[in-house]
Amino acid sequence: MGTLIRNRRAESSTRIDDTADMVGVSKDVLSRLENGKPIGTDKLLTILKGMGLDVLIVDRHTAQRVLRELETSATA
């Protein structure tokens with residue numbers, strides 16, 4: 001997840017401290033996430049929301065089916 005956040009931030013050419021201020025967490029918290037260190041769920045959800053991302057929780061079977069469908073549609 002940290003890599004996704006870092007890449008999303010890099011795509012927008014935004015510095016880590018500016019992104020942290022924008023989403024409402026400290027630079028340390030955002031850095032910890034980007035570097036694969038643990039952070040609280042509340043902070044994770046705050047960061048995701050602030051960056052326009054969401055988490056979808058589904059059972060494993062459904063997740064595998066959806067991923068297959070996404071892969072199929074991406075190659076079509």
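No path of Ile, Leu, Val, Met, Phe, Trp and Tyr side chains, each step under 4.5 Å between heavy atoms, connects Leu56 with Ile5, placing them in separate hydrophobic clusters. Both Ile47 and Ile57 belong to a common hydrophobic cluster when Ile, Leu, Val, Met, Phe, Trp and Tyr are linked at side-chain heavy-atom distances under 4.5 angstrom.
Atom OG of residue Ser26 and atom CG of residue Asp17 lie 11.5 Å apart, to the nearest 0.5 angstrom. Summarising the geometry, atom CG belonging to Asp18 is positioned 11.5 Å from atom OG belonging to Ser13; distances are rounded to the nearest 0.5 Å. For the atom pair CG of Leu45 and CG of Leu53, the computed distance is 11.5 Å after rounding to the nearest 0.5 Å. In this structure, the separation between CD on Glu34 and CG on Leu4 is 10.0 Å, given to the nearest 0.5 Å. Rounding to the nearest 0.5 Å places OG1 of Thr19 at 12.0 Å from CZ of Arg6. To the nearest 0.5 Å, atom CZ of residue Arg60 and atom CZ of residue Arg65 are 15.5 Å apart.
Val66 is not listed as a side-chain neighbour of Val58, based on a closest heavy-atom distance of 4.5 Å or more. Side-chain contact between Arg32 and Lys43: absent, with no pair of heavy atoms (C-beta onward) separated by less than 4.5 Å. With contacts defined as side-chain heavy-atom distances shorter than 4.5 Å, the pair Gln64/Leu67 does not qualify.
For the residue pair Asp28/Ser31, the side-chain donor-acceptor check at 3.5 Å is not satisfied.
Looking at every heavy atom in both residues, Leu30 comes nearest to Arg9 through CD2-CD, 4.4 Å. Residues Thr46 and Val23 approach most closely at CG2-O, 3.3 Å, considering heavy atoms.
In this structure, Asn35 contributes its side chain and Lys37 its backbone to no donor-acceptor pair below 3.5 Å.
Crowding of Met1 atom CE: a count of heavy atoms from other residues, nucleotides or ligands under 6.0 Å not exceeding 12. Around atom CG of Asp54, no more than 12 heavy atoms belonging to other residues, nucleotides or ligands sit under 6.0 Å away.
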